[in-house]
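Each remark here refers to the structure printed beneath this line.
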Amino acid sequence: MSVAQADSVAALSSDLFYDIIRRLDGASLARASCACADFRSIVREEKLWENVCQSLWPSTKRNDVRNLILSIGGFRKFFADCFTLIVNKDVPLVQLDMNLLYSEEWMEDGYYGDFISIVDMRFKDKTIYSKVIWGIADSDGDHSWFYNCPFQVDLLRFSNGDGDHEGEVTLSPADGLPLISSIEKERKDGTLWRELRDGTKLSWIVVNKKLKQAANIANWFPLGGQRHWPTDRDFLIRFGSILPAKDILPCQVAECIIVMKFKVDIGGDGEEGHTFLKLTELSMQLEDMGGAHLNGRNSLLVLKEALSCRRSRNYGEVLESCHLYSKAQSEMKEEKMRIENRIDRLFILSGIAAFISFWCYVL
C-alpha cells in the first residue's frame with residue numbers, strides 16, 4: 001500500500017510540476033532546471049521553450065521564423081542565445097594596422113542572405129512593433145556599394161516585398177502614456193520622456209542560418225537618449241552594444257547603434273487633450289571608435305563576430321562595457337588632438353626656420 005501510494009503521489013506531483021513550470025518565464029524556467037532531476041527532465045521539453053519565446057518575441061509565432069529557429073537548434077538554444085546580453089570588456093589600445101585582410105568566405109554566394117533580423121519592440125510589457133527581415137537589403141547582384149557606402153538598416157523604410165504594408169506605429173494614453181497639456185510643461189518636468197525611456201524595451205536579434213547562431217544586439221534596455229532634439233517635438237532613444245572587431249578594424253572593437261525616434265503630438269486641454277508619440281525611425285548601424293560609420297562588408301563581419309561574443313544576464317556588465325568603450329574613445333580623441341597639435345607646432349617651427357633661412361640667404 002505504501003509503495004502504491006508513493007507511486008501515485010509521484011505521478012500526481014509530476015503532473016502538478018508540469019502545470020506549474022509551464023507558467024514560468026524563461027529565466028525562472030532555466031533556474032528550475034537546476035533544482036532537481038524531475039524538474040530538469042520536464043524543462044527539456046521543447047514546447048515549453050517555444051511558448052516562452054513566443055511570449056517574449058511575438059515574431060517567433062510566424063511559421064517561417066519558427067522553422068528557422070528549429071533549423072538552428074530549437075527554441076531552448078534560441079532563448080539561451082538571445083535572452084542574455086552581449087558583454088565585451090576587451091577594449092584594447094588602438095592599433096593602426098591598415099593592412100587587414102578580409103575573410104575569403106565574404107565572396108561566397110549567399111553570404112548576404114545568411115543574416116536575418118528579428119525585431120520586437122515593447123512598451124510597458126505590451127508589444128507595439130514587430131518585424132522580420134530576411135537577408136540584407138539591396139545586396140543582390142553587384143556588391144560594390146558595400147565597399148564604400150555606410151551600412152544602415154532602417155526598418156520603417158525597408159520592405160520585404162511580400163505585399164505586407166505596415167501602418168503607423170503610435171503610442172497614446174491608452175498604452176500607458178501620461179497626458180501632457182503642453183510641450184512647455186513637458187520641457188520643464190520631463191514626465192513623458194521618462195515614461196518613454198523607462199517603459200521601452202527593444203530586442204533586435206541577428207541570426208546567421210549558416211552558422212546556426214543568434215544574438216540580441218539591442219540588449220533590451222536603452223543606453224541613452226536625447227529629449228527635444230533636433231526639435232522640441234522629437235525624442236531619440238539609443239540602444240546597442242559594444243561588439244568585437246578583432247582583425248576587422250584597427251581599433252579591434254565597434255559600437256552597434258540602434259536609434260529609435262519619436263515625434264510628439266500634444267494638444268487640447270483637460271479631458272479633450274491628447275498625447276501621441278509616433279515612431280519615425282528605427283534603424284541600426286555600426287561605428288568605429290573614431291565615430292566613422294562602417295561600410296556593409298565590415299559591418300557584416302563584425303556582426304558575425306558578435307554571434308560568438310560573451311553573454312551575461314547582468315545588465316550592470318553591459319553598462320560597464322559601454323563605459324570602458326567611452327573611456328577608450330575619449331582617450332583616443334585626446335591622443336589624436338595631441339598628435340595634431342605636435343604636427344601643427346612642427347609646421348609652424350618649420351615655417352619660421354624657412355623664413356629665417358630665406359632672409360639670411362638674401363642678406
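Everything numeric here is computed off the predicted structure, so don't read it as measured data.
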Has the side chain of [X] got a donor or acceptor atom that lies under 3.5 Å from a matching backbone atom of [Y]?
X	Y	result
N208	K212	no
S283	V153	no
T280	K263	no
R311	C309	yes
K131	L155	yes
T127	Y129	no

* Asked: Which residue pairs pass the ring pair (Phe, Tyr, Trp, His ring centres under 6.0 Å) test with at least one member in residues 288-311, sequence neighbours excluded?
  -> none
* **Any pair counted as ring pair (Phe, Tyr, Trp, His ring centres under 6.0 Å), so long as it reaches residues 183-211, sequence neighbours left out** => W193-F235
Which distance, rounded to the nearest 0.5 Å, do you find between the [atom1] of [X] and the [atom2] of [Y]?
X	Y	atom1	atom2	value
E287	L294	CD	CG	8.0 Å
S203	W220	OG	CH2	4.5 Å
K188	K185	NZ	NZ	10.0 Å
L319	L324	CG	CG	11.0 Å
R122	K126	CZ	NZ	11.5 Å
R76	I69	CZ	CD1	15.5 Å

Donor-acceptor pairs under 3.5 angstrom involving side-chain atoms of residues 81-88: please list them, not counting sequence neighbours.
residue : atom : partner : partner atom : Å
D81     : OD2  : K77     : NZ           : 3.0
T84     : OG1  : A80     : O            : 3.0
N88     : OD1  : D90     : N            : 3.4

* Spell out, yes or no, whether L346 and M337 are grouped together once hydrophobic residues are joined by side-chain heavy atoms under 4.5 Å, including indirect joins. => no
Determine whether [X] and [Y] make a side-chain contact, defined as any pair of heavy atoms from C-beta on separated by less than 4.5 Å.
X	Y	answer
L177	F123	yes
I116	L68	yes
L243	E255	no
R227	R197	no
V259	L282	no
L307	V207	no
F221	L202	no
V132	R62	yes

* Let me see the working for V302 and E305 under side-chain contact (heavy atoms from CB on, under 4.5 Å), right down to the final yes or no. => CA-CA 5 Å; V302 171; E305 289 295 318; 5.6 Å; no
May I ask you to say whether [X] pairs ionically with [Y], meaning some side-chain N is under 4.0 Å from a carboxylate O?
X	Y	answer
E168	K278	yes
R310	E317	yes
K124	E195	yes

* More than 12 heavy atoms of other residues, nucleotides or ligands under 6.0 Å from CZ of R313: is that the case? -> no
* Output all residues satisfying side chain to side chain donor-acceptor pair (under 3.5 Å) with D232, sequence neighbours left out; order by chain, then residue number. => R187
* Determine, stepwise, if the pair N295 / C149 fulfils side-chain contact (heavy atoms from CB on, under 4.5 Å). => CA-CA 5 Å; N295 60 28; C149 298; over 6 Å; no
* Verify whether the ring centers belonging to F115 and W134 lie closer than 6.0 Å. => no
* Who passes side-chain contact (heavy atoms from CB on, under 4.5 Å) against S172, sequence neighbours left out? -> A174, D175, F276
* To do: Verify whether one side chain among D120 and S59 offers a donor that lies under 3.5 Å from an acceptor in the other.
  => yes
* Structure fact -> Cluster membership besides I352, Ile/Leu/Val/Met/Phe/Trp/Tyr side chains within less than 4.5 angstrom, sorted by chain and number, is I348, I356
